[in-house]
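Only heavy atoms go into these numbers, but all of them, side chains included; no hydrogens, no water, no symmetry mates. Because the structure is a prediction, the values reported are computed rather than measured.
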Amino acid sequence: GVMEGALVRRLARRRVRPDRVREVVMINMCVLFTLASLTVLLGAPRIAIVIASLGIGAMNSIFEREGEVSIPLTYMTGTLVKMGQRFVDAFFGGTHAAWLGHLKRWAGLTLGAFTGAVVYRRLEIDALYVVTLLTWLTTGVALLVRMYGRRHGSVVRIRVDPR
């Protein structure tokens with residue numbers, strides 16, 4: 001999935017404007033989750049899990065900058081490591097905002113994992129329909145926000161502290 005997302009990103013960089021590459025990656029994710037949902041409908045849940053795994057891996061390419069992922073979305077322990085390092089840095093003159101930012105990301109990952117587990121326990125493999133819907137909704141909102149920003153003279157960007 002990570003390699004598929006990286007491939008889509010590299011190909012998109014050759015074919016679309018730089019400010020549209022992230023949108024191509026997001027739509028790619030939506031297509032993968034839609035394919036996974038359709039595979040569930042066709043009665044092949046194991047294949048659906050493989051396709052959904054591709055979508056999850058591809059998700060990392062959304063936040064790629066200069067060939068590196070600035071926010072590894074699927075790496076919960078990496079977020080904890082960075083939080084711990086920035087927490088110690090705060091004792092030596094660093095900012096509290098740095099470790100608190102990682103804490104927020106970790107809390108978001110934890111909440112997402114917990115919510116996903118609850119939904120999966122209730123719906124089993126049909127939880128992929130919820131994932132697909134949420135992926136399309138999130139992508140739609142992100143596209144609308146970016147289009148609004150372009151119309152008003154600036155690209156709307158989510159600023160991420162790289163520390």
Distance col, row Met59:CE vs Ile56:CD1, nearest 0.5 angstrom, shows 6.0 Å
Distance col, row Thr110:OG1 vs Leu103:CG, nearest 0.5 angstrom, shows 9.0 Å
Other residues, nucleotides, ligands: >12 heavy atoms within 6.0 Å of Gln85 CD: yes
Item checked: Heavy-atom neighbours of Ile47 CD1 exceed 12 at 6.0 Å -> no
field: Side chains of Arg22 and Arg146 in contact at under 4.5 Å (non-hydrogen atoms)
entry: yes
**OP:** State yes or no: do Leu38 and Ile125 share one hydrophobic cluster built from I, L, V, M, F, W and Y residues joined by side-chain heavy-atom distances below 4.5 Å, directly or via other members?
**Re:** yes
Review point. Are Val21 and Leu7 joined in one hydrophobic group, where the rule is that I, L, V, M, F, W and Y side chains link up if heavy atoms are under 4.5 Å apart?
Key: no
Those residues at least two apart in sequence (or on a different chain) that pass side chain to side chain contact (heavy atoms under 4.5 Å, CB included) with Leu54 are Leu32
In terms of heavy-atom contacts, Val25 and Ala58 come closest through CG1-O, 4.0 Å
Residue set satisfying salt bridge (charged side-chain N to carboxylate O under 4.0 Å, His left out) with Arg122, at least two apart, ordered chain then number -> none
Applying salt bridge (charged side-chain N to carboxylate O under 4.0 Å, His left out) to Asp89 and not counting sequence neighbours gives Arg86
For a quick test of your reading: what N or O donor-acceptor pairs under 3.5 Å do the side chains of residues 127-143 make, sequence neighbours left out?
unit_1	atom_1	unit_2	atom_2	d
Thr132	OG1	Phe33	O	2.9
Thr132	OG1	Ser37	OG	2.6
Thr132	OG1	Leu128	O	2.8
Thr135	OG1	Val131	O	2.7
Trp136	NE1	Thr34	OG1	2.7
Thr138	OG1	Leu134	O	2.8
Thr139	OG1	Thr135	O	2.8

Taking Ala6's backbone N and O only, do any of them form a donor-acceptor pair with Arg10's side chain (distance below 3.5 Å, no angle check)?
yes
Residues at least two apart in sequence or cross-chain that pass ring-ring contact (aromatic ring centres under 6.0 Å, His included) with Phe87, listed by chain then number, are Phe91, Trp99
Tracing side-chain contacts under 4.5 Å among Ile, Leu, Val, Met, Phe, Trp and Tyr outward from Leu42 reaches none
Query raised in the report: Is there a side chain to side chain contact (heavy atoms under 4.5 Å, CB included) between Leu80 and Met83 once you walk through the steps?
Result: CA-CA 5 Å; Leu80 279 173; Met83 180 180 72; 3.6 Å; yes
Exercise for the section: Might you work through the side chain to side chain contact (heavy atoms under 4.5 Å, CB included) test for Ile62 and Arg9, ending with a clear yes or no? Expected result: CA-CA 8 Å; Ile62 293 171; Arg9 184 173 186 85; over 6 Å; no
